[in-house]
Amino acid sequence: MSWTPDEIDLAFCREFSTVGTQIHGPMSSAQRRDRIRVEIWRHHRTDQQFFDSGMTYAGAFRAAYGISVEARRTARLSVESRHPQER
């Protein structure tokens, strides 16, 4: 069976909703994707089989969202903003 990105997204939402994670409701798709990414890491599922898809959870995340489960954006502080008194 070949999974579409929407089917993978729905499967993630259903699975992690059963363990108490709030993945539905008023949030952007980026927020939902980030919560799913965190849940994959929190439950140590990156290398586990994703249902009967032939993919791991990390592979399914990449197939659904086009980015690696390890990828995340962080705000980088400049040296000046971290230590303004040292200028």
Side-chain heavy atoms under 4.5 angstrom apart, residues restricted to Ile, Leu, Val, Met, Phe, Trp, Tyr: same cluster for F16 and W41?
yes

What is the distance from atom CD1 of I36 to atom OG of S29, rounded to the nearest 0.5 Å?
10.0 Å

Going by an N to O cut-off under 4.0 Å, is there a salt bridge joining D9 and R33?
no

List for me each residue that meets side chain to side chain donor-acceptor pair (under 3.5 Å) alongside R62, sequence neighbours excluded, and say none if there are none.
none

Between E7 and S2, which heavy-atom pair has the shortest distance, and what is it?
OE1-O, 3.7 Å

Could you tell me which non-hydrogen atom of A64 sits nearest to which non-hydrogen atom of P5, and how far apart they are?
O-CB, 3.6 Å

I8 and A63 have their tightest heavy-atom pair at CD1-CB, 3.9 Å

Shared hydrophobic cluster, I67 / V69 (ILVMFWY, side-chain heavy atoms < 4.5 Å):
yes

About how many Å separate CD1 of I23 and CD of Q31, when rounded to the nearest 0.5 Å?
12.5 Å

Looking at every heavy atom in both G54 and Q49, which two are closest together, and how far apart are they?
N-NE2, 3.0 Å

Decide whether F51 and M55 are clustered together by the hydrophobic rule: side chain heavy atoms of Ile, Leu, Val, Met, Phe, Trp, Tyr closer than 4.5 Å, transitively.
yes

Identify, with sequence neighbours excluded, every residue that meets ring-ring contact (aromatic ring centres under 6.0 Å, His included) alongside Y65.
F61

Do any pairs count as a salt bridge (charged side-chain N to carboxylate O under 4.0 Å, His left out) and have a residue in residues 10-26, sequence neighbours left out, and if so which ones?
E15-R45

Of R42, R37, R35, the residue whose pairing with E39 passes salt bridge (Lys or Arg N to Asp or Glu O under 4.0 Å):
R42

Between L10 and V19, is there a shared hydrophobic cluster once you connect ILVMFWY residues whose side-chain heavy atoms come closer than 4.5 Å?
no

Enter the distance from T46:OG1 to Y57:OH here, rounded to the nearest 0.5 Å.
11.0 Å

